Amino acid sequence: DQQVKQNSPSLSVQEGRISILNCDYTNSMFDYFLWYKKYPAEGPTFLISISSIKDKNEDGRFTVFLNKSAKHLSLHIVPSQPGDSAVYFCAGPGGGSQGNLIFGKGTKLSVKP
Amino acid sequence: DAGVTQSPTHLIKTRGQQVTLRCSPISGHKSVSWYQQVLGQGPQFIFQYYEKEERGRGNFPDRFSARQFPNYSSELNVNALLLGDSALYLCASSWGNLAGAFDEQYFGPGTRLTVT
C-alpha cells in the first residue's frame, strides 16, 4: 500500500528546458510534502516543501505545485541544469513525529547538455 | 561543519549473522532516524530516537533494534540477517524539538549492507 507514488522511474530533459517531476498520494491527511534530491554515494538532501494549505511554493529555480483535489503534486525545475541530474524523492509525513517520512520510489532525472 | 556521518561505508555479512551500524548526528541535533532503502525503492522509516528515547517505529520485525547514546549518536542492530536485509541504511538527524515548526531531516551517506 504505497501512500506516496512516483510513477515515472526516469526523466530525460535538455539543459535549459523545464523538468517536471510528478507525485501522487493517497492520504488526504498529509499536512505537508517534501522533495528530496539524492546524488549517488550521498544521502538525500532536502530541496523544497509545501504545506497542504498552499497550492504553490517557489524557491529559485524550483517550484512545487499541489493539487489537493487530485492528490497530486509536481516539482518544476526551470531552467534545468546538468547539475540537477539526480534522483528526486517525494515524501509525506508518516505520522507520530517529523522524523518519520514516507517516500516515493523516486524519479531519476538526467539533464543533458 | 561536519554533516551526519555513518560507519562503516560498506559491509558484507552472511545470513544468520548480526550487524551493528553507527551514526553520528550533526552537532547540536538530538534526534536520529534510521531508514532502509532497498534498490529501486525509496527510503523506508525504521526508527526515530530523540533524547535517547524511541519516538517512532516503522513496520520492521523485532530483529531490528536501535539505541541512542548520551552524545546523541546512535546504533542500529539487525539480528539473524536475511538476504532481504541487503540495502542501503540511511541515518538522518534533526533538532527534534521544533514544536509546530518544520524539522528538516539531514541524511548521512548511508551504509551499504550486503547479505550473502
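Each chain gets a letter, A, B and so on, in the order the sequences are listed, and its residues count up from 1. From a predicted model like this one, the values you see are computed outputs, not experimental measurements.
- Interface remark: Q37(B) contributes side-chain atoms only to the contact with chain A (heavy atom separation under 4.5 Å).
- The backbone N or O of G42(B) sits nowhere less than 3.5 Å from a side-chain atom of Q44(B) that would complete a donor-acceptor pair.
- Only the side chain of K38(A) comes within less than 4.5 Å of a heavy atom of chain B; its backbone N, CA, C and O stay farther away.
- For chain A, the nearby part of Y35(B) is the side chain; its heavy atoms alone come within less than 4.5 Å.
- Remark: the Q48(B) side chain and the N100(A) side chain contain no N/O donor-acceptor pair separated by less than 3.5 Å.
- Among G56(B), P109(B), P43(B), the residue making the largest number of heavy-atom pairs under 4.5 Å with chain A is P43(B).
- Options S49(A), G99(A), G104(A) differ in how many heavy-atom pairs under 4.5 Å they form with chain B, and the most are formed by G99(A).
- Neither the backbone nor the side chain of I102(A) comes within contact range of chain B; no heavy atom of the residue lies under 4.5 Å from a heavy atom of that chain.
- Ring planes of F103(A) and F89(A): perpendicular class, angle over 60° (limits at 30 and 60°).
- Side-chain heavy atoms closer than 4.5 Å link hydrophobic residues (I, L, V, M, F, W, Y) into clusters, and following such links, possibly through other members, connects F33(A) to W35(A).
- Among the candidates Y36(A), Y39(A), Y32(A), the residue making the largest number of heavy-atom pairs closer than 4.5 Å to chain B is Y36(A).
- Comment: R61(A) engages D84(A) in a salt bridge, judged by a side-chain N to carboxylate O separation of less than 4.0 angstrom.
- Of the two parts of I46(B), neither the backbone nor the side chain holds a non-hydrogen atom closer than 4.5 Å to a non-hydrogen atom of chain A.
- Chosen from G106(A), P44(A), A91(A), the residue pairing most often with chain B at heavy-atom distances under 4.5 Å is P44(A).
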